[in-house]
Asks: 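One structure, pasted below without further comment.
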Amino acid sequence: MSVAIAETALADLAVEYWKLHRAFQRSLTHLDEDRAHRAGAQARFAAGRLDIVLAGAGLKLARFEGQVLGPELPMETINADELTAVVAPVVVETIEPAVLAGDRVVRMGRVLGGAGDVSRN
């Protein structure tokens, strides 16, 4: 397997892991307080391990919430056609993070855009 194929495979796996982690975090609200606390701690540990593994391969996940949408961001806005009347659209939710190797994009992110107050950033 070439290095580029392995890097792409690791990036794909990292994004799927991130989506699973996000869904798991959302499900914690359905647990009692003690179980939610323990499961949340385990999830935070696992997310930290993902960051360590990716850093070891020279990769990192990038999210864009609150940033003004623009061509300089390595992401696809999945609802771009709905934003034509919005003056300064921002990222309201990351659907899939981008995967970067330094300044190089390994995998584009996917986001939802919308109207937002960017003065808070």
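Any value given below was found using the heavy atoms of this structure, including those in side chains, with hydrogens, waters and symmetry copies removed.
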Asks: Say whether L10 and V105 are linked into one hydrophobic cluster, either directly or through other cluster members, by side-chain heavy-atom distances under 4.5 angstrom.
Replies: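 L10 and V105: separate clusters.
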
Asks: Hey, quick one: are V86 and L69 part of the same hydrophobic cluster, counting side-chain heavy atoms closer than 4.5 Å, chains of contacts allowed?
Replies: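 Linked within one cluster.
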
Asks: Can you find a pair of side-chain heavy atoms, one from L83 and one from D81, that are under 4.5 Å apart?
Replies: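 No, every pair of side-chain atoms sits at 4.5 Å or beyond.
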
Asks: Do the non-hydrogen side-chain atoms of L61 and L50 ever get within less than 4.5 Å of each other?
Replies: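 When only atoms from C-beta onward are counted, L50 and L61 do touch, with a gap below 4.5 Å.
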
Asks: Any donor-acceptor pair under 3.5 Å linking the side chain of D32 with the backbone of R35?
Replies: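 Yes, the answer is positive, given that a donor and an acceptor are paired below the 3.5 Å cut-off.
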
Asks: Below 4.5 Å, heavy atoms only, C-beta onward: do L100 and L59 meet side chain to side chain?
Replies: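 With C-beta onward as the side chain, the pair stays apart.
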
Asks: Give the cluster check for I78 versus V68: same hydrophobic cluster or not, with ILVMFWY residues linked at side-chain heavy-atom distances below 4.5 Å.
Replies: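 Shared cluster, yes.
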
Asks: Could you pull out the closest heavy-atom pair between A39 and F24, with the gap in Å?
Replies: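 Smallest heavy-atom distance, with atoms named: O-CE2, 3.6 Å.
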
Asks: Carefully, step by step, assess V53 and D51 under the rule side chain to side chain contact (heavy atoms under 4.5 Å, CB included).
Replies: CA-CA 6 Å; V53 168; D51 291 340; over 6 Å; no

Asks: Please test V106 against E7 for side chain to side chain contact (heavy atoms under 4.5 Å, CB included), starting from the C-alpha separation and ending with a verdict.
Replies: CA-CA 8 Å; V106 176; E7 182 180 70; 3.8 Å; yes

Asks: Answer yes or no: is there a donor N or O on one side and an acceptor on the other, between the side chain of S2 and the main chain of I5, under 3.5 Å?
Replies: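 A pair under 3.5 Å: yes.
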
Asks: With the threshold set at 4.0 Å, does a side-chain nitrogen-carboxylate oxygen contact exist between D12 and R107?
Replies: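 Salt bridge present between D12 and R107.
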
Asks: Measuring from atom CZ of R110 to atom NZ of K19, what distance do you get when rounded to the nearest 0.5 angstrom?
Replies: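 Output value for this atom pair is 7.5 Å.
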
Asks: Can you name the nearest heavy-atom pair linking A43 to Q25, along with the distance?
Replies: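 What the structure gives for the nearest pair is CB-OE1, 3.2 Å.
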
Asks: Is the closest side-chain heavy-atom distance between E65 and T94 below 4.5 Å?
Replies: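 Contact flag for E65/T94 side chains = yes.
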
Asks: Set out, in order, the CA-CA distance, both residues' side-chain angles and the distance that settles side chain to side chain contact (heavy atoms under 4.5 Å, CB included) for E96 and E76, then state yes or no.
Replies: CA-CA 10 Å; E96 294 180 354; E76 169 194 0; over 6 Å; no

Asks: Any side-chain heavy atom of V111 sitting closer than 4.5 Å to one from I95?
Replies: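 SC-SC contact between V111 and I95 ruled out.
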
Asks: Could you check whether any side-chain N or O of N79 sits under 3.5 Å from a backbone N or O of L112, counting only pairs where one atom can act as donor and the other as acceptor?
Replies: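 Pair absent, no side-chain N/O of N79 close to backbone of L112.
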
Asks: Determine the minimum heavy-atom distance between A36 and L31, stating which atoms define it.
Replies: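 Heavy atoms only, the tightest pair is N-CB, 3.9 Å.
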
Asks: Ion pair present between E93 and R22, side-chain N to carboxylate O less than 4.0 angstrom?
Replies: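 Result for this pair is yes, salt bridge flagged.
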
Asks: Please report the closest heavy-atom contact between V92 and A115, naming both atoms and the distance.
Replies: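 Heavy-atom minimum between the residues: CG1-O, 4.3 Å.
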
Asks: State, yes or no, whether a side-chain contact exists between L73 and Q67 at a heavy-atom distance under 4.5 Å.
Replies: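 Side-chain contact under 4.5 Å: yes.
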
Asks: Using a 3.5 Å distance criterion without hydrogens, assess whether the side chain of H21 forms a donor-acceptor pair with backbone atoms of A47.
Replies: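 Checked: no pair found.
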
Asks: Closest heavy-atom contact between R63 and P97?
Replies: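 Shortest heavy-atom separation between R63 and P97 comes out as CG-CB, 4.2 Å.
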
Asks: Can you establish whether the number of heavy atoms outside R104 located under 6.0 Å from its atom CZ is more than 12?
Replies: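 For R104, atom CZ is crowded (more than 12 foreign heavy atoms under 6.0 Å).
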
Asks: Do other residues, nucleotides or ligands put more than 12 heavy atoms under 6.0 Å from the CD atom of E33?
Replies: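 No - once you tally the heavy atoms of other residues, nucleotides and ligands closer than 6.0 Å, there are 12 at most.
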
Asks: Let me check something: do L28 and L20 share a hydrophobic cluster, defined by ILVMFWY side-chain heavy atoms less than 4.5 Å apart, either directly or through other members?
Replies: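 The answer is no; the residues belong to distinct hydrophobic clusters.
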
Asks: Drop me the distance from F64's CZ to T77's OG1, to the nearest 0.5 angstrom.
Replies: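 Result: 10.0 Å between the selected atoms.
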
